[in-house]
Amino acid sequence: MNTVADLREEYKGQLLDPSNVNPDPIKQFDTWFAEAKQAELPEPNAMSLATSTQNGSPSQRMVLLKAYDQQGFVFYTNYTSRKSQQIGENPSASALFPWILLARQVIIEGHVEKVSATQSLQYFSSRPFGSQIGAWVSDQSEVISSRSILEQKWNEMKEKFKEGKIPLPDRWGGYRIIPRRIEFWQGQENRLHDRVLYTRLGEDWNWKRERLSP
Ligand SMILES: Cc1cc2nc3c(=O)[nH]c(=O)nc-3n(C[C@H](O)[C@H](O)[C@H](O)COP(=O)(O)O)c2cc1C
């Protein structure tokens, strides 16, 4: 068996406590996201997104956070992909930001809904030409026999859409995770890590804050 048991880091970060975080977890996320950018972490908006089938089989993959506010956390993808099929069966998800260089993670859980086509179009149109074409080319998550099929389709789509605005593909758009639980985790010495959990109370935006044992 290959062992990696000797890979061991000591963590030490700012002390985190329910009393010294923002009462609003989105504002707390703002602060930590700004610190992740300032620390020049690679792709600080990359999050591991977990979804599951109706009967509870989980799967995960990285996606990029593209917007967040009091309404939730937004990412964009292909609506016929495996993740989207799972969201269709079970509209809840968890997203994890692995900010390991800061000895931090943020974990979001909540209900998932599609963003409006208007919002998807707005974001789609802001993407570089190559990314817009890419969305037309890929049947994300489908088995494909070779790379050359992708390249051929890329050339076709590039030709088809060489003039004017590229339309939003029907099968492409955004999802919003509406959080009901957000955990901020800060690594500390001797594995006595700080964990602050925000839980949303009812349907309004009041949040309970609690410390969890590491
Ligand atoms: C850093 C990183 C960022 C990614 N961002 C996205 C994204 O924003 N949207 C997306 O659909 N796929 C993104 N991917 C690809 C996904 O991880 C995944 O391969 C793809 O969405 C298909 O997943 P599925 O088959 O589980 O639906 C990203 C991959 C990496 C490594």
Side-chain angles (χ1 to χ4, degrees), residues 26 29 32-69 71-102 104-151 153-154 157 161 166-179 182 185:
I26 306 302
F29 186 84
W32 273 30
F33 193 58
E35 288 170 3
K37 282 193 287 189
Q38 203 175 10
E40 297 183 357
L41 301 189
E43 304 216 60
N45 59 332
M47 55 186 192
S48 177
L49 175 81
T51 55
S52 76
T53 60
Q54 200 166 26
N55 62 17
S57 283
S59 66
Q60 58 178 311
R61 74 293 289 153
M62 300 298 277
V63 293
L64 296 176
L65 177 72
K66 286 294 168 181
Y68 67 91
D69 61 13
Q71 312 308 313
F73 293 78
V74 174
F75 63 91
Y76 291 88
T77 193
N78 183 305
Y79 283 149
T80 59
S81 65
R82 182 166 184 241
K83 73 179 87 50
S84 300
Q85 285 170 25
Q86 294 191 351
I87 290 168
E89 287 175 31
N90 175 11
S92 41
S94 173
L96 183 149
F97 294 87
W99 293 331
I100 295 166
L101 280 176
L102 295 175
R104 286 179 173 175
Q105 59 180 340
V106 178
I107 307 167
I108 291 159
E109 294 174 22
H111 182 78
V112 185
E113 62 179 29
K114 283 184 180 169
V115 307
S116 68
T118 311
Q119 187 177 344
S120 292
L121 176 62
Q122 202 173 26
Y123 171 66
F124 183 77
S125 306
S126 76
R127 300 176 89 208
F129 176 81
S131 308
Q132 293 190 31
I133 297 287
W136 277 96
V137 167
S138 171
D139 293 323
Q140 194 176 58
S141 315
E142 294 299 319
V143 173
I144 184 169
S145 58
S146 73
R147 185 174 178 84
S148 61
I149 293 177
L150 280 180
E151 284 164 359
K153 208 161 162 206
W154 163 267
M157 292 296 153
F161 295 122
I166 305 175
L168 176 72
D170 285 343
R171 60 169 186 201
W172 194 94
Y175 284 107
R176 177 184 300 109
I177 307 174
I178 304 159
I182 305 184
W185 186 99

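Atoms within each ligand, like the ligands themselves, are counted from 1 in listed order.
- At least one N or O atom of Thr77 sits closer than 3.5 Å to an N or O atom of ligand 1.
- Geometrically, Lys114 engages Tyr79 in a cation-pi contact, judged by NZ or CZ lying under 6.0 Å from the ring centre and within 45° of the ring axis.
- The closest protein non-hydrogen atom to atom 26 (O) of ligand 1 is Arg61 NE, 2.7 Å.
- Residues Gln60 and Lys83 have side chains that never bring a donor and an acceptor to within less than 3.5 angstrom of each other.
- The shortest N or O to N or O distance between Gln140 and ligand 1 is below 3.5 Å.
- The shortest N or O to N or O distance between Ala46 and ligand 1 is not under 3.5 Å.
- Both tests pass for Arg104 against the ring of Trp32: distance under 6.0 Å to the centre and angle within 45° of the axis.
- Short contacts between ligand 1 and Ser141, defined as distances under 4.0 Å to a heavy atom of the residue, involve ligand atoms 24 (P), 25 (O), 27 (O).
- Protein heavy atom in closest approach to atom 21 (O) of ligand 1: Lys83 NZ, 2.6 Å.
- For atom 19 (O) of ligand 1, no protein heavy-atom neighbour is found at a distance under 4.0 Å.
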Handout entry: Test side chain to side chain contact (heavy atoms under 4.5 Å, CB included) applied to Ile26 and Tyr68, step by step
Key = CA-CA 8 Å; Ile26 306 302; Tyr68 67 91; 4.0 Å; yes
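- Taking a 4.0 Å cut-off on heavy atoms, Tyr76 registers as neighbouring ligand 1.
- Side-chain contact between Ser141 and Asn78 is absent, with no heavy-atom pair separated by less than 4.5 Å.
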